[in-house]
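Just so we're on the same page: letters track the sequence lines, and every chain starts at 1.
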Amino acid sequence: MDDKKSTIRTGFIESLPLAIAIAAYGLSYGVLANQANFTLLSTVAMSLMVFSGSVQMVAVAMLIAGASVLSVLITSVLLNLRNLLYGAALAEGLAPAKKWRWLLSFGVSDEPFVLGSSRFKKFGPDPLYFGVVTATFYFAWSCSSFIGAIIGNQVDPQKWGLDLAFPVTFIALLIPSLKGRPVIATALAAIVIAVGLEHFSPGNQFTIIITGVLAPLVGLYLKRRA
Amino acid sequence: MFNHWILIGLLAVSTYVTRIIGVVVMSGREMSPALRLYFNYVPVGIISALIVKQILIPVEGQLVLSFPILIGCLFTAIAMKFMRLFLPAVVLGVIIGLLTRYLS
């Protein structure tokens, strides 16, 4: 019981900095959806049903720019490709949840993946932790979308330094796992590949998935050679 | 307005499908040692790519290096390496990043 309590507490504490940053972006999404003529109900419904910052932001921004439903849908499929990789990498850590995996899978996206995979690496499978993290982000994202749609004016995440919370949290989770040549080589390869792809096509949506597929091959090669 | 609801429904279904496929397809399967090792390295690759994408920001088709984010990340990395305290390291990185933004 104490273990469960401690897992819930840890999940909540570790997701808090990101939840605050997510809430700031949720406010921006609410404001943007308002401009795309979404009603208050549909703005919040989208957050509750889709629960994906990148997909929702891009969708409403494209609608404001006059894009068709089909083009928004195709773009979202491309954006979502990396979820396949996240899901596959998280599968073992979520396996003990059995049928609850169908609910927990709702949290498969950037931030829960980063927190979840770090946790599984250190402590083994832990669906409860992943559930707490997802629930915290879900609450932050949904509530802030609602507030953003009501207040309707811009909250600038940059001004409050909230844009810094994402990369800084990711670094804090990455550093402890950098042990051994294969892992360090994977990280270095990922940096080189990602910088190369961004240089070739700035801001493209494929950098994460391509890097995620290719960089681990370097680690795998070094480990097998050793 | 009706279009919005269709779009929300389609986005909800397509996003959820991409989330569940990996989890269900890979779980319960005996992964080969090589595949297991590969997936072991995936998080490090992805997290590094996410960090790169936030340090290099595209502005009008050109990549711009964000010094506040880079310096914030460096301080968090150093703090994490030596103190191993998650929240203080994150808070320190954000404060240093903010100072860099407003003092530069």
Worksheet, complete the sentence: Here the pair of heavy atoms bringing A:A185 nearest to A:L222 is CB-CD1, 3.2 Å
Discussion item. If I measure from the heavy atoms of chain B, does A:I175 come under 4.5 Å with its side chain, its backbone, both, or neither?
Written reply: side chain
Discussion item. Need one label for B:V90: side chain, backbone, both or neither, based on atoms under 4.5 Å from any heavy atom in chain A.
Written reply: both
Worksheet, complete the sentence: Rounded to the nearest 0.5 Å, the OH atom of B:Y41 sits from the OG atom of A:S177 at a distance of 11.5 Å
Item to complete: Name the option with the most non-hydrogen atom pairs under 4.5 Å to chain B; the candidates are A:L94, A:L90, A:T186.
Response: A:T186
Worksheet entry | Top of A:L85, A:V168, A:N83 for chain B proximity - count of heavy-atom pairs under 4.5 angstrom | A:V168
Worksheet item: Under the criterion ring-ring contact (aromatic ring centres under 6.0 Å, His included), which of A:F137, A:W100, A:Y138, A:W141 is the partner of A:F106?
Response: A:Y138
Practice prompt. Side chain from CB out, backbone as N, CA, C, O: work out which of these in B:L87 comes under 4.5 Å of a heavy atom of chain A, or both, or neither.
Written response: side chain
Fill in: Option among A:Y86, A:F130, A:F170 that satisfies the ring-ring contact (aromatic ring centres under 6.0 Å, His included) test with A:F113
A:Y86
Discussion item. As an exercise: rank A:P17, A:S105, A:G93, A:A190 by heavy-atom pairs under 4.5 Å with chain B and give me the winner.
Written reply: A:S105
Discussion item. Using heavy-atom distances under 4.5 Å, tell me whether A:L63 contacts chain B through its side chain, its backbone, both, or neither.
Written reply: side chain
Worksheet item: Using non-hydrogen atoms only, which part of A:R82 is less than 4.5 Å away from chain B: side chain, backbone, both, or neither?
Response: neither
Worksheet, complete the sentence: Applying a strict 4.5 Å limit to non-hydrogen atoms, the region of B:Y102 in contact with chain A is side chain
Discussion item. Within the structure provided, determine whether A:P202 and B:Q62 are in side-chain contact (heavy-atom separation under 4.5 Å).
Written reply: no
Worksheet item: Could B:R19 and B:Y16 be counted as a cation-pi pair, given that NZ or CZ must be under 6.0 Å from the ring centre and within 45° of the axis?
Response: no
Worksheet item: Do NZ/NE/NH1/NH2 and the carboxylate oxygens of A:E14 and A:R119 come within less than 4.0 Å?
Response: no
Fill in: Contacting region of A:I209 [heavy-atom separation from chain B under 4.5 Å]
neither
Worksheet item: Can you find a heavy atom in the side chain of B:T76 that is under 4.5 Å from one in the side chain of B:C73?
Response: no
Discussion item. Which heavy atom of A:V60 sits nearest to which heavy atom of A:A36, and what is that distance?
Written reply: O-CB, 4.0 Å
Worksheet item: Which residue out of A:A187, A:A215, A:G107 racks up the most heavy-atom pairs below 4.5 Å with chain B?
Response: A:A187
Practice prompt. Identify which of A:I208, A:T211, A:L214 forms the greatest number of heavy-atom pairs closer than 4.5 Å to chain B.
Written response: A:I208
Practice prompt. Quick one: which of A:S117, A:A172, A:G212 has the most heavy-atom pairs under 4.5 Å with chain B, could you say?
Written response: A:A172
